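None of the values given here were measured: they were computed from a predicted structure.
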Amino acid sequence: MRKDFIHIEGARQHNLKDLTLDIPREQLVVICGPSGSGKSTLAFDLIYAEGQRRYVESLSAYARQFLPQMDKPLVDKIEGLSPAISLEQQSASRNPRSTVGTVTEIHDFLRVFFARLGQAYCPECGKPIQAQSTDEIIDDILGMAPGTKFMVLAPLVEHQKGTQQDRFKKLKSQGFVRVRVNGEVVGLDPVPELEKNKKHTVELVVDRLVMKEGLRKRLADSVELGLRYGNGRVILSIVKDGGYEDRSLSTQSVCPECRISLPAPSPQLFSFNSPQGACATCSGLGSVEYFEPNLLAPNKGLSLSKGGVIPWKKPQALDRYRQDLERLGKAHGFTLETPLADYSEKGLDALFYGDAQQDWDGVVEKLEMGMSFGHVWRDELSRFRQNRDCPACNGARLKPESLSVRVADLNIHEFLSMSINRSLSWLEGLTFKDHQEVIAEPLLKELIHRLSFLVNVGIDYLSLARNMSTLSGGEAQRIRLAGQLGSGLVGVTYVLDEPSIGLHPRDNERLLNTLRSLQSRGNTVLVVEHDEATIRSADHVVELGPGSGMLGGEIVHNGPVTGPNGNGLMENKTSLTAKYLRGDLHIERNRERREPKGHLLLKGVATNNLRDLEASFPLGNLVCVTGVSGSGKSSLVVDSLYKHLALERGIKVDSPGIIGAIGYDDDAEPIERIISIDQTPIGRTPRSNPATYTKVFDEVRKIFSQTPDSRARGYKPGRFSFNVRGGRCEACQ
């Protein structure tokens, strides 16, 4: 057997019909053919799955117990396989904490970059942070009002795992009595017991004091002791409103004007997935949920008594607040019978957000209280909530202390929010001197290296702060492709699923260059693809067909695109792909165009990168919105058009775009329904099939329940369902 081929014999997986073929290694190989002909079966379910299975079997028995058991594909023999990596068209991560920066690991390098090279500025006045002396710290504390109760703490451990038993015993032997563990003050006798595998924050209680005259000497001793144990930092914990308010004081960094002290920059300070860096209001998510009035009251033609506010549609719910609402109405000129559309702007605002003079909290505040009444009520109310940028961090996800650190003229969020193209240009223009140059050199090299890969795969228009859940399947796949470029692996079989999806033809050449760079390192690149440019650029083409399903699963062509002996794809008379490539077949253009039934109008669209756009969509037509990747197509159609039409119909959507107005011209009838069909998979449940998903099976079950035998036995439609007891096989459920 030649070593430069992947040799397959007797492949019978799914609809493959006992295939035997050789696929050249270390080449760019395209697998094409009609949809359902067996392309993905050959590439993913056979070659990739067997490559993965053999790699797993090569591991030790101990390692294999942590990995899922993989079934052997239906094939007699596969030789010449190497470890395989799959880059499929999967839905992007739905984790709200996943961004382009975190997935590509660029964010990890940036955290070190800003921690080691950044200059801290005061979050209040913007002046550079300077070192503070011990006497200045003492004078700062002595400026508090007489009678103020406070503690002087020394930070020992911040968000670290471990029991800390040795540390506690040593502190106890040195005469200390108390520590604060995770915000709670506990004694050292007996020694506190902490869970080993949980992260803890431990601070030493140096002294507990009350501000009064003659305190300076004792305070000075306590501060100096705290600075010694806290490595130049102390925490002033002031009793306020039954709780504690902490202030961090340091001999290393403090604002000369505001006297604000910031912690020393560390990589954790720039992570929105760490308590040390995450915004306290949104916990690092960058957004908070709120009750959207347009979802609470989508039909402004209804009054409160007629169910204008949906959660209070039932009379008993409205009766609870009837007197309060009647009093509010007298002040703002409405009754419970007045349609919401007739409320004044001030009256509508008072209804939803409250009026202190009328002792009314507002609909939103009442419902916020209802969120704590149990999960059933919380689930019911959640459909009226939307996400918006966190008011504390404005979507930056980080604490003010993190955002106050800058390199040149940017903080980390401003850098992450730029397009990848601009980020790369900014980094390439940076210069450092002296010891900073030594620190910056390896970090800049790695950051520029990784950003260049993202540019090469055609996603330079994205920002590193972009949430992964907002990306298309093609964009997410190209991000994973850029990650593989950075890994530098050799001798691997890469299997890709239509990487050109979502990519404008302008950017195809860059994608092909990326695939070529993977192949030129000594890797085999298998691409399942329909794109003409990719097929023409391939070293080798495998076409399956001739049809789909039972009519497919056969080899139509296995060879080069053009062959010297007439054995190329372009010379193949039976190949459906070749007929289109040669121009023998083409897609007929529709010469008759439908006249529009009016127009839907969007004005003042400023979503994402759209600039005060006006758009007119003809109704009753098939409308195509095109443009290069990142030009704003999805921002216009999905975020602006669809989401605002959905809001008008009471459908919950996240983060609708910014528009000035939406309406119709004189000839148009308003849209009754709106449906979004996107690339999100329909589900992975083993109980779903095309019949259940399209609801056809519901009708089939009804028909079978109406047969004479079924009626005689009392069978209902559920008797013919494999999802309920009585209908399903109980052995496999």
Side-chain angles (χ1 to χ4, degrees), residues 1 3-14 23 25-26 29 40-95 97-98 101-109 111-112 159-163 195-199 267 271 273-274 446 450 453 468 476-477 479-497 518-519 521-528 681 684-686 732:
M1 177 63 213
K3 294 182 180 179
D4 50 355
F5 282 89
I6 298 173
H7 177 68
I8 300 171
E9 284 185 21
R12 302 177 302 282
Q13 188 79 3
H14 297 159
I23 297 175
R25 293 177 48 157
E26 299 183 16
V29 180
S40 295
T41 298
L42 175 62
F44 291 97
D45 299 335
L46 203 70
I47 297 172
Y48 166 68
E50 182 64 5
Q52 279 287 91
R53 190 185 71 82
R54 292 185 185 182
Y55 170 71
V56 169
E57 284 193 352
S58 71
L59 302 175
S60 67
Y62 176 78
R64 289 203 305 272
Q65 69 177 326
F66 300 107
L67 297 169
Q69 191 170 358
M70 306 177 78
D71 295 330
K72 189 178 187 302
L74 292 174
V75 62
D76 294 338
K77 183 195 293 185
I78 300 184
E79 294 178 345
L81 269 182
S82 56
I85 293 175
S86 160
L87 297 172
E88 296 182 65
Q89 278 284 354
Q90 302 168 339
S91 62
S93 168
R94 309 307 298 180
N95 187 342
R97 295 188 178 277
S98 290
T102 59
V103 168
T104 56
E105 299 179 1
I106 291 173
H107 196 270
D108 296 337
F109 289 94
R111 293 193 290 116
V112 179
H159 304 289
Q160 292 181 15
K161 293 181 181 180
T163 63
E195 290 189 44
K196 182 179 181 179
N197 294 319
K198 283 192 175 180
K199 290 183 178 180
S271 171
N273 292 325
S274 164
E446 190 64 38
R450 289 173 179 259
F453 289 142
M468 286 295 291
Q477 186 187 35
I479 284 175
R480 292 196 296 273
L481 182 58
Q484 290 302 323
L485 274 171
S487 68
L489 293 176
V490 174
V492 172
T493 299
Y494 285 100
V495 187
L496 292 91
D497 185 12
L518 275 178
Q519 175 252 322
R521 293 178 183 177
N523 298 305
T524 305
V525 180
L526 294 180
V527 184
V528 176
R684 296 289 185 183
T685 169
C732 65

Inset, instruction - Begin from the C-alpha positions of H14 and L74 and carry the test side-chain contact (heavy atoms from CB on, under 4.5 Å) through to its verdict. - result: CA-CA 8 Å; H14 297 159; L74 292 174; over 6 Å; no

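- Contact detail for G491 and S82: the closest heavy-atom pair is O-CB, 3.3 Å.
- Side-chain atoms of H7 and E9 include a donor-acceptor pair closer than 3.5 Å.
- Applying the 6.0 Å contact sphere to NZ of K72 captures more than 12 heavy atoms from other residues, nucleotides or ligands.
- R12 and D76 are joined by a salt bridge, as a carboxylate oxygen and a charged side-chain nitrogen come within less than 4.0 angstrom of each other.
- Rounding to the nearest 0.5 Å gives a distance of 12.0 Å between OG1 of T104 and CZ of F453.
- Side chains of K77 and E79 form a contact here, defined as non-hydrogen atoms less than 4.5 Å apart.
- For the atom pair H107 NE2 and S271 OG, the distance stands at 6.5 Å (nearest 0.5 Å).
- Annotation: side chain of L67 is in contact with side chain of L59 (closest heavy-atom distance under 4.5 Å).
- Taking all atoms of both residues into account, the shortest heavy-atom contact from I85 to Y48 is C-CE1, 4.0 Å.
- Within the 4.5 Å cutoff, the side chain of L81 has heavy atoms near those of the I47 side chain.
- Atoms CG and CG, from L526 and L87 in turn, are 11.5 Å apart once rounded to the nearest 0.5 Å.
- Side-chain contact between D497 and F44: present, with at least one pair of heavy atoms (C-beta onward) separated by less than 4.5 Å.
- Proximity of V56 to M70: side-chain heavy atoms (C-beta onward) are separated by under 4.5 Å at one or more points.
- At most 12 heavy atoms of other shown residues, nucleotides or ligands fall within 6.0 angstrom of atom CD in E195.
- One finds the CG atom of L518 at 7.5 Å from the CG atom of L496 (value rounded to the nearest 0.5 Å).
- Taking all atoms of both residues into account, the shortest heavy-atom contact from R521 to V490 is O-CG1, 3.3 Å.
- With rounding to the nearest 0.5 Å, the separation of CZ in R64 from OG in S58 is 8.5 Å.
- Contact of the R25 side chain with the I6 side chain is registered, since non-hydrogen atoms from C-beta on lie closer than 4.5 Å.
- Using a 4.5 Å heavy-atom cutoff, the side chains of V75 and E50 are not in contact.
- More than 12 heavy atoms of other shown residues, nucleotides or ligands fall within 6.0 angstrom of atom CZ in F66.
- Proximity of a side-chain donor or acceptor of N523 to a complementary backbone N or O of T493 within less than 3.5 Å is not detected.
- The shortest non-hydrogen separation linking L46 to Q13 is CD1-CB, 4.1 Å.
- Contact detail for R53 and P73: the closest heavy-atom pair is NE-CD, 4.4 Å.
- Of all the heavy atoms in M468 and I479, the pair that sits closest is SD-CD1, 4.1 Å.
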Inset, instruction - Output, in order, the C-alpha distance, side-chain angles, deciding distance and verdict of side-chain contact (heavy atoms from CB on, under 4.5 Å) for I8 and L42. - result: CA-CA 10 Å; I8 300 171; L42 175 62; 4.0 Å; yes

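- We find the CG-CD1 distance between D4 and I23 to be 13.0 Å, quoted to the nearest 0.5 Å.
- For CD of Q65, the number of neighbouring non-hydrogen atoms (other residues, nucleotides, ligands) closer than 6.0 Å is greater than 12.
- The shortest distance between side-chain heavy atoms of F109 and R450 falls below 4.5 Å.
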